[in-house]
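Since the structure is predicted, the reported quantities are computational estimates derived from the model, not experimental observations. Residue numbers start at 1 and run along the sequence shown.
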Amino acid sequence: MAKLTIMDETAASVTVISNIFIDEYMKDANDAQLKVYLYVFRMLQSHTAFSMSDMADHFNHTEREVLRALKYWEKQNLMALSFDGSKNLIGIRLLDPQRKSAPI
């Protein structure tokens with residue numbers, strides 16, 4: 001089968017995702033988890049504030065589904081979540097992806 005040619009005509013406003021994330025973490029995540037991770041990265045890189053409700057509405061998910069996806073990334077050591085005394089999410093800190101296997 002022939003190799004594909006990839007051309008870049010993207011605009012200047014882009015979201016940069018680590019190759020380690022693509023190589024190591026993407027394959028095991030479900031659709032909702034991937035959407036949430038990419039959305040958080042997009043909001044970070046655009047310096048845009050958002051809420052759990054905004055994210056849930058954007059993807060037509062419940063806030064519970066969004067929180068479950070965020071907690072998945074926390075278990076993968078890609079995010080650290082902060083909660084207030086009432087267990088409401090008040091902060092997300094993105095962590096540097098670490099390689100789980102030998103590089104491609």
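- Relative orientation of the His58 and Tyr39 rings is tilted, given thresholds of 30° and 60° on the angle between their planes.
- Scanning for side chain to side chain contact (heavy atoms under 4.5 Å, CB included) contacts around Asp96 gives Gln98, with sequence neighbours left out.
- In the displayed structure, Asp84 atom CG is contacted under 6.0 Å by more than 12 heavy atoms of other residues, nucleotides or ligands.
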Inset, instruction - Test side chain to side chain contact (heavy atoms under 4.5 Å, CB included) on Glu65 and Val36 and set out the steps. - result: CA-CA 10 Å; Glu65 291 168 320; Val36 166; over 6 Å; no
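- In this structure, the separation between CZ on Arg93 and CG on Leu44 is 13.0 Å, given to the nearest 0.5 Å.
- Ile17 has its side chain out of reach of Met26: every pair of non-hydrogen atoms, C-beta onward, lies at least 4.5 Å apart.
- Smallest separation of non-hydrogen atoms from Ala32 and Ala69: O-CB, 4.1 Å.
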Legend entry - Derivation of the side chain to side chain contact (heavy atoms under 4.5 Å, CB included) call for Asn30 and Tyr72: CA-CA 10 Å; Asn30 67 32; Tyr72 170 81; over 6 Å; no
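- Gln33 contributes atom CD, which lies 10.0 Å from atom CG of Leu70 (distance to the nearest 0.5 angstrom).
- Taken together through direct or relayed side-chain contacts under 4.5 Å among Ile, Leu, Val, Met, Phe, Trp and Tyr, Ile22 and Trp73 form part of one hydrophobic cluster.
- With values rounded to the nearest 0.5 angstrom, Leu81 atom CG is found 11.0 Å from Lys75 atom NZ.
- Atoms CD1 and OG, on Ile92 and Ser82 in that order, are 9.0 Å from each other to the nearest 0.5 Å.
- The two residues Glu24 and Lys27 make their nearest non-hydrogen contact at O-CE, 3.8 Å.
- What you find for Val16 and Gln45 is that their closest heavy atoms are N-OE1, 2.7 Å.
- Ser86 contributes no side-chain N or O that, together with a main-chain N or O of Asn88, makes up a donor-acceptor pair within less than 3.5 Å.
- Remark: Asp31 CG is loosely packed, at most 12 non-hydrogen atoms of other residues, nucleotides or ligands lying under 6.0 Å away.
- One distance of note links CG of Leu38 with CE of Met43; it measures 11.0 Å at 0.5 Å rounding.
- How far CZ of Arg64 is from NE2 of His61: 14.5 Å, rounded to the nearest 0.5 Å.
- Aromatic ring centroids of Phe21 and Phe41 lie 6.0 Å or more apart.
- Defined by atom type and a distance below 3.5 Å, a donor-acceptor pair is missing between the side-chain atoms of Ser51 and Ser53.
- Using a 4.5 Å heavy-atom threshold, the side chains of Met79 and Leu95 count as separate.
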Inset, instruction - Could you walk me through whether Leu78 and Leu94 pass the side chain to side chain contact (heavy atoms under 4.5 Å, CB included) test, one step at a time? - result: CA-CA 6 Å; Leu78 294 180; Leu94 294 169; over 6 Å; no
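- Ring-centre distance between Tyr37 and Tyr25: not below the 6.0 Å cut-off.
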